[in-house]
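First up is the structure itself, then whatever we jot down about it.
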Amino acid sequence: MPELPEVEVVRRGLAEHVSSRTIRTVDVLHERAVRRQDGPLAAALIGRTVRCVSRRGKYLWLPLDDGTSLVAHLGMSGQLLLQPDHAADEKHLRVRIRFDDDGRELRFVDQRTFGGLMTAELVPDGFEGHIPVEIAHIAKDPLDPSFDDQAFIARLRAKDTEIKRALLDQTLISGIGNIYADESLWRARIHGRRATSGISRPKVAELLEHVRGVMTDALAQGGTSFDSLYVNVNGESGYFDRSLDAYGQEGEPCRRCAATIRREHFMNRSSFFCPRCQR
DNA sequence: CGGGCCTCCTGAATGC
DNA sequence: TGCATTCAGGAGGCCC
């Protein structure tokens with residue numbers, strides 16, 4: 001389940017291996033893997049040179065030499081792999097991109113097909129930088145140096161919703177999924193169903209610091225548990241290697257107070273929390 | 001307009 | 001043992 005830290009690990013791996021390379025062929029093996037695309041993906045990509053690899057929240061994009069970009073979202077089970085041309089196709093290989101050189105090919109592999117690729121024009125984003133127009137509505141993520149803490153705190157407190165819903169709202173703050181939402185709320189000792197409007201500014205600021213803390217911790221572990229040389233990035237294996245305090249810990253003692261971690265249904269998924277620490 | 005529910009999908013885990 | 005059901009969840013779309 002790739003969230004911001006896992007996607008950042010992928011970004012770093014890709015940046016090292018696909019920057020400055022020119023695309024020669026594109027094979028789409030599963031139509032669903034291409035989203036919101038105007039015309040064939042191949043037509044938009046062949047002959048283009050990759051400048052670098054950027055990320056916002058859970059979205060990745062490769063700026064190209066014609067002012068467009070190749071945008072990727074891993075969804076639930078997506079992987080971007082760099083493989084030798086002769087390597088056997090993965091069972092869920094969806095898109096194959098070969099370059100105009102002897103290096104490895106880029107493969108988009110996705111079992112559940114919740115992820116996808118598309119091309120999008122780059123549009124100016126603030127004072128510097130550009131962003132694909134299709135994801136311009138995605139908020140900055142908390143590891144972005146230009147993330148505005150005070151604006152985030154004000155917007156969150158003005159919302160009429162529950163705090164966990166707000167953390168998962170990618171137009172308010174991006175990069176947080178179910179796992180990091182639960183972990184951040186546990187660290188901040190806040191129940192996910194608390195009303196955003198009822199949480200003080202300092203408490204929201206503290207929660208934001210816990211979001212950054214858990215992501216930074218995960219990124220440090222992700223960096224060591226993945227082999228960046230091969231970019232065999234698998235969100236699930238990284239997640240299982242991580243030590244979690246709340247998510248998936250139903251029935252286990254809370255590491256802080258020893259109360260039993262509980263699980264509740266929330267938004268058609270699960271929430272894990274400590275009933276004593278998180279009132 | 002915005003909150004919040006529904007849906008897409010496949011394979012592992014669970015139930016009987 | 002085997003078949004059927006449940007569960008996992010990111011985010012666009014849609015309803016109210």
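Note that these values count all heavy atoms, side chains included, but never hydrogens, waters or copies made by symmetry.
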- Message: If the condition is side chain to side chain contact (heavy atoms under 4.5 Å, CB included), which residues does A:K164 pass it with, not counting sequence neighbours?
- Response: A:L168, A:N178, A:A181, A:D182, A:L185, A:F266, A:S271
- Pairing residues for A:A33 by the side chain to side chain contact (heavy atoms under 4.5 Å, CB included) criterion, not counting sequence neighbours: A:R94, A:V95, A:F108
- Which residues share a side chain to side chain donor-acceptor pair (under 3.5 Å) with A:S200, sequence neighbours left out: none
- Item | ring-ring contact (aromatic ring centres under 6.0 Å, His included): pairs with one or both residues in residues 128-170 of chain A, sequence neighbours excluded | A:F147-A:F152
- Message: Tell me the interatomic distance from A:Q37, atom CD, to C:dG12, atom P, rounded to whole angstroms.
- Response: 16 Å
- Side-chain N,O (A:H137) to OP1/OP2 (C:dG12) below 4.0 Å: yes
- Query: Rounded to whole angstrom units, what separation is found between the CZ atom of A:R165 and the C1' atom of C:dG9?
  - Reply: 14 Å
- Note on the structure: Contacted region of DNA chain B by chain A, from 5' end to 3' end of the hits, cut-off under 4.0 Å to heavy atoms, spans B:dG3 to B:dG11
- With sequence neighbours left out, the residues meeting side chain to side chain contact (heavy atoms under 4.5 Å, CB included) with A:R48 are A:L64, A:D65, A:D66
- Message: Applying ring-ring contact (aromatic ring centres under 6.0 Å, His included) as the test, list every pair that has at least one member in residues 80-99 of chain A; sequence neighbours left out.
- Response: none
- Just by distance, with hydrogens left out, do A:D141 and A:S174 show a side-chain donor and acceptor under 3.5 Å apart? no
- Item | For atom CD of A:E3 and atom P of C:dG9, their distance in whole Å | 9 Å
- Task: Please check if any side-chain donor atom of A:T49 sits under 3.5 Å from a side-chain acceptor atom of A:T22, or the reverse.
- Result: yes
- Task: Please check the phosphate of C:dG12 (OP1 and OP2 only) for any side-chain N or O of A:Y59 closer than 4.0 Å.
- Result: yes
- Task: Let me know the distance between CZ of A:F114 and C1' of C:dG12, rounded to the nearest Å.
- Result: 12 Å
- Note on the structure: Those residues at least two apart in sequence (or on a different chain) that pass side chain to side chain contact (heavy atoms under 4.5 Å, CB included) with A:T260 are none
List the atom pairs, with distances to 0.1 Å, where a side-chain N or O of residues 189-196 of chain A and a protein N or O form a donor-acceptor pair under 3.5 Å, not counting sequence neighbours.
from   : atom 1 : to     : atom 2 : distance (Å)
A:H191 : ND1    : A:R193 : N      : 3.0
A:R193 : NE     : A:E162 : OE2    : 3.4
A:R193 : NH2    : A:E162 : OE2    : 3.4
A:R194 : NH2    : A:G198 : O      : 3.3
A:T196 : OG1    : A:L156 : O      : 3.4
A:T196 : OG1    : A:K159 : O      : 2.7
A:T196 : OG1    : A:T161 : O      : 3.2

- In residues 150-160 of chain A, what residues come within less than 4.0 Å of DNA chain B, judged by heavy atoms? A:K159, A:D160
- To the nearest angstrom, how far is A:Q170 atom CD from C:dG9 atom C1'? 12 Å
- Message: Report for the helix from B:dG2-C:dC16 to B:dC16-C:dG2: angle between first-end and last-end helix axes, five pairs each, rounded to 10 degrees.
- Response: 60°
- Item | Given DNA chain B, 5'-ward residue of the pair A:T161 and A:R269, judged by closest heavy atom | A:T161
- Message: Show every ring-ring contact (aromatic ring centres under 6.0 Å, His included) that has at least one partner inside residues 30-65 of chain A, sequence neighbours left out.
- Response: A:Y59-A:H73
